[in-house]
Amino acid sequence: MICPRCQTINPDLHRFCRECGGRLAERGPFRGTLRERLYHGIALLNQGALPEARAEFLRCVELDPTHAMARYYLGQTYLFEGKLDEARASLERALRLEPGLANAELLLGVLSEIEVKNVEALQHFRRAHRANPSCGLALYWVAELLRRSKEYREAIKVYQGLHEADPEDIAPRYYLAQVEEERGQPGRAEEILADITREHPQFPAGHRELGDLKRRLGDKEAAAECYARYADVAPQQAEAHLRLGATLADLGRVDEARVSLARALELREDLAEAHYELGVLEYTDFGDPEGATRHLERAVELNPSDPSARLFLNELKFLNLGGGSGA
């Protein structure tokens, strides 16, 4: 029986680990072959039954301590449970048993990234891709870490390589646009996003990102057009109607803004920003202090840390109490 704390193999009759003294898990009679147990453990892992999956993988390792995939899945389970030290120990053992195990390198990269060991994480992700060149996920991690480190040229090379490998995949260009803006090239980002939305008009995130970029650049009319397309493509996404409504309000198209913001709240009543935007609109443009107060109070309730709604609400209550009248 393997100790879950230190990974020491103990005789089946032991109840406490001979190495660290930790209590060993109680277990019923063994069942099935190693392969059957491994597949059963994977099924439990996919169902989110982590303790049960861990028990199966531990038994697999007991049956064959040299089984790399059992070690790998045990490490993955530990990672999902937040047991990072145990996960690293199990994944490193899997790699010692099978040095070319790309998935183990990938998860060790994720572990290193969680622990903010970016150089180590990059090494693991690059080794994962060398071991399995079809593992595009490893390259996405590489590009993301390079981007966070502001090594934009290197990140761009990775995204361009991913795009060349699969020109039909939207993701590399989508992220490439974000990198271009971050490195001070908003025009290039705009070109990329415009190409994406033209070639893939049913891709909601493309319209959203292009709208956000247009708004940051001060072109609110163009942003509103992008958000309108976003709302058409994804009518059940409250964020689409929120972005459209807020932009229309900025443009003075208050009737349309009111409709969009109300639709956002129909889809998600707990959207604090929509309550705030609608509360301000109801008071400043429609002269409805009661409706405004109701929405602003809800915005404060949903997001107490946002000072904007609280400030406007306090001002509104002060004015309604007559604080702003008379000379």
Side-chain angles (χ1 to χ4, degrees), residues 147 152 156 159-160 162-163 167-288 291-292 295-296 299 302-303 306 308-309 312:
R147 175 182 171 184
Y152 295 127
I156 286 171
Y159 285 130
Q160 287 174 336
L162 285 163
H163 173 58
E168 295 302 312
D169 188 1
I170 303 171
R173 285 190 296 163
Y174 177 76
Y175 293 120
L176 182 58
Q178 296 176 0
V179 174
E180 290 288 7
E181 185 184 4
E182 285 179 20
R183 76 182 190 116
Q185 299 293 326
R188 178 61 184 142
E190 189 174 356
E191 290 175 10
I192 295 169
L193 290 170
D195 287 343
I196 290 174
T197 55
R198 183 177 60 255
E199 296 167 16
H200 304 276
Q202 298 303 308
F203 179 52
H207 298 294
R208 183 193 66 220
E209 284 294 316
L210 185 55
D212 289 350
L213 177 58
K214 295 280 191 183
R215 195 170 187 187
R216 286 192 293 271
L217 294 174
D219 191 349
K220 293 180 181 178
E221 289 284 359
E225 292 176 9
C226 294
Y227 292 144
R229 287 192 287 271
Y230 176 27
D232 286 341
V233 172
Q236 297 304 309
Q237 289 190 21
E239 283 286 343
H241 300 281
L242 168 59
R243 280 174 160 81
L244 177 57
T247 307
L248 290 171
D250 287 345
L251 291 168
R253 294 160 60 179
V254 294
D255 290 319
E256 297 169 83
R258 193 186 206 182
V259 171
S260 291
L261 293 169
R263 178 58 180 153
L265 289 174
E266 286 177 13
L267 293 167
R268 267 193 60 193
E269 192 282 330
D270 63 344
L271 205 56
E273 190 177 350
H275 280 289
Y276 170 73
E277 292 284 351
L278 194 52
V280 172
L281 196 68
E282 290 291 357
Y283 183 71
T284 59
D285 291 282
F286 293 99
D288 182 4
H295 283 295
L296 291 167
L302 290 167
N303 188 7
D306 182 6
S308 301
F312 200 96

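Here the structure is a predicted model, which means the values were calculated and not measured.
With hydrogens and angles disregarded, no donor-acceptor distance shorter than 3.5 Å links the side chain of His207 to the backbone of Glu225. Side-chain atoms of Tyr276 never come within 3.5 Å of backbone atoms of Leu271 as a donor-acceptor pair (strictly under, hydrogens ignored).
A salt bridge is absent between Asp285 and Arg258: the closest approach of a Lys/Arg side-chain nitrogen to an acidic carboxylate oxygen does not fall below 4.0 angstrom. The residues Arg147 and Glu182 are annotated as salt-bridged, a charged nitrogen and a carboxylate oxygen being separated by less than 4.0 angstrom. Taking 4.0 Å as the cut-off between side-chain N and carboxylate O, Glu221 and Lys214 do not count as a salt-bridged pair. With respect to the salt-bridge test (charged N to carboxylate O, under 4.0 angstrom), the residues Asp232 and Arg229 do not qualify.
By the neighbour-count criterion of 12 heavy atoms within 6.0 Å, atom CD of Glu181 is densely surrounded, having more than that number from other residues, nucleotides or ligands. Counted within 6.0 Å of CZ on Phe312, heavy atoms from surrounding residues, nucleotides or ligands total more than 12; the atom is thus considered enclosed.
Taking both residues in full, the closest heavy atoms of Gly245 and Ala257 are given as O-CB, 3.3 Å, listed atom of the first, atom of the second, then distance. Residues Pro186 and Leu217 approach most closely at CB-CD2, 3.9 Å, considering heavy atoms. Minimum heavy-atom separation, Ser260 to Leu244: OG-CD2, 3.6 Å. For the residue pair Gly211 and Ala223, the shortest heavy atom distance occurs at O-CB, 3.5 Å. Here the closest non-hydrogen pair linking Ile192 and Arg173 is CG2-O, 3.3 Å. Residue Ala231 comes nearest to Ala240 through the heavy atom pair CA-CB, 3.8 Å, listed as atom of the first residue, atom of the second, then distance.
In this structure, the side chains of Asp169 and Leu162 stay at 4.5 Å or more apart for every pair of heavy atoms. Using a 4.5 Å heavy-atom threshold, the side chains of Glu209 and Ile196 count as separate. Within the 4.5 Å cutoff, the side chain of Glu180 has heavy atoms near those of the Ile156 side chain.
In this structure, CD on Gln178 lies 8.0 Å from CG on Leu193, to the nearest 0.5 angstrom. Atom CG in Leu296 sits 10.5 Å away from atom CD in Glu277 (nearest 0.5 Å). Note that the CG atom of Asp195 and the CD1 atom of Ile170 stand 12.5 Å from one another [nearest 0.5 Å]. Atom CG of Asp212 and atom CZ of Arg243 lie 4.5 Å apart (nearest 0.5 Å). To the nearest 0.5 Å, the span separating NE2 on His275 from CG on Asp270 amounts to 7.5 Å. If you take NE2 on His295 and CG on Leu265, they are separated by 6.5 Å, rounding to the nearest 0.5 Å.
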_What verdict does the side-chain hydrogen bond (donor to acceptor under 3.5 Å, both in side chains) test give for Tyr230 and Gln237, after you've listed the backbone C-alpha separation in whole Å, the side-chain angles of each residue and the deciding distance to 0.1 Å?_
CA-CA 9 Å; Tyr230 176 27; Gln237 289 190 21; 2.8 Å; yes
*Please walk me through it: do Val259 and Glu256 pass side chain to side chain contact (heavy atoms under 4.5 Å, CB included)?*
CA-CA 5 Å; Val259 171; Glu256 297 169 83; 5.8 Å; no
_Test log, rule side chain to side chain contact (heavy atoms under 4.5 Å, CB included), inputs Leu242 and Arg268_ = CA-CA 10 Å; Leu242 168 59; Arg268 267 193 60 193; over 6 Å; no
_Checking His163 against Gln160 for the side chain to side chain contact (heavy atoms under 4.5 Å, CB included) test, could you report, in this order, the C-alpha distance in whole Å, the side-chain angles of both residues, the deciding distance, and whether it holds?_
CA-CA 5 Å; His163 173 58; Gln160 287 174 336; 5.6 Å; no
